[in-house]
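One structure below.
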Amino acid sequence: MHGLVRRVALEDPDRRFTRISHLLDRIQLHAASLESYPSLFSVVSRHEFDECYHLAAQSFVAESFADGFSTMNTNINGTHYMLAALRELQPKCRFYFAGSSEMFGKVRQTPQNEETPFHPRSPYGISKVAGFELTRNYREAYGMFAASGILFNHEGPRRGFEFVTRKITSTVARIKAGQVTELPLGNLDARRDWGHSKDYVRAMHLMLQQHTPDDFVVASGESHTVREFCQLAFSQVNLDYRDYVRVDERFYRPAEVESLVGDATKSRTVLGWKPTYSFPEIVREMVQNDLRVTLGLTERMKTLQ
Ligand code: G4F
């Protein structure tokens, strides 16, 4: 198992690799950047790979409005560089592209499946459509095993704090610890189809074990509003979200994806995939994890005082 990381991360492993510290003795990390074709080419020229999971991207939709240029440069060129380097050096390597439900954007049909037309609503969504089309083109033009997963939102305790689910669960824990008193959020009525990352990673792996490369929607088939997520997360600690959530215009997006819900029939039938986590289980696990981390830290701070 090999992984690509930024050079600065290799220089500060204790802080940068906390989430993969338990794996470090089993993976080889290489310094490379999605923005540099020579750096990717160099890694692909020095090692042989059976499968490549191209998950790296600027993945925060709100940031893509703030800096659309760098999102487009990194996401589109990064995907093109990876495909081009593999085609040149290891055309037999199987390639996975992380597509996104954000490609459906202003949805043309509900639920969304592999046939639903794309209508992205952000530079991030546009960059993912481009990556998806590049992947399909390398498959058709050069016969490479290049597959795309169209994954709906997938969450878990390792989610970044800028995404709405982790922002909610970490703030619930901080409210419980007495560190903050409110949670500012944007559009509470946005609907998302939330699943668990562990389930979705299994689907990615299955896609590369098939006889022929193809594209697959991975989704739970249920949609919930941000408000419902808040309600459930606050109820884990016996609080009413209405006492803490404050709507703040700053967290609204210039163009919103109002409602997403996926139809994963193809993944279920062709890959034999199905999710194992329910929506309440995901919320509960994330809140419990944040309580453990936050309250643990508070206790440790007290012992230091
Ligand atoms: O958690 P989010 O930032 O995720 P979003 O935009 O749906 O994108 C995530 O899922 C995609 C699909 O799989 C990925 F491709 C992408 O990389 C990323 O992982 O926002 C979810 C919803 C949005 O409608 C947003 O407007 O929550 C709404 N929201 C309301 N208040 C907020 C907030 N989102 C964030 N991040 N912060 C808020 O305060």
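Both counts, for ligands and for their atoms, begin at 1 and track the order of listing.
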Using a 4.0 angstrom limit on heavy atoms, which residues are close to ligand 1? S59, F60, V61, S100, S101, E102, Y124, L151, F152, N153, R159, E162, F163, V164, K167, L185, G186, N187, A190, R192, V226, F251, R253, E256
Who are the ring pair (Phe, Tyr, Trp, His ring centres under 6.0 Å) partners of H2, not counting sequence neighbours? H30, H47, F49
Any chance the rings of Y200 and W273 have centres within less than 6.0 Å? yes
Name the one of K266, Q209, M207, H205 that satisfies side chain to side chain contact (heavy atoms under 4.5 Å, CB included) with L271? M207
For H119, which residues count as a ring pair (Phe, Tyr, Trp, His ring centres under 6.0 Å) partner, sequence neighbours excluded? none
Tell me which pairs pass salt bridge (charged side-chain N to carboxylate O under 4.0 Å, His left out) where either residue lies in residues 89-106, with sequence neighbours left out. E102-R192
Taking the six-membered ring of F234, is the NZ or CZ of K176 close enough (under 6.0 Å from the centre) and on axis enough (within 45°)? no
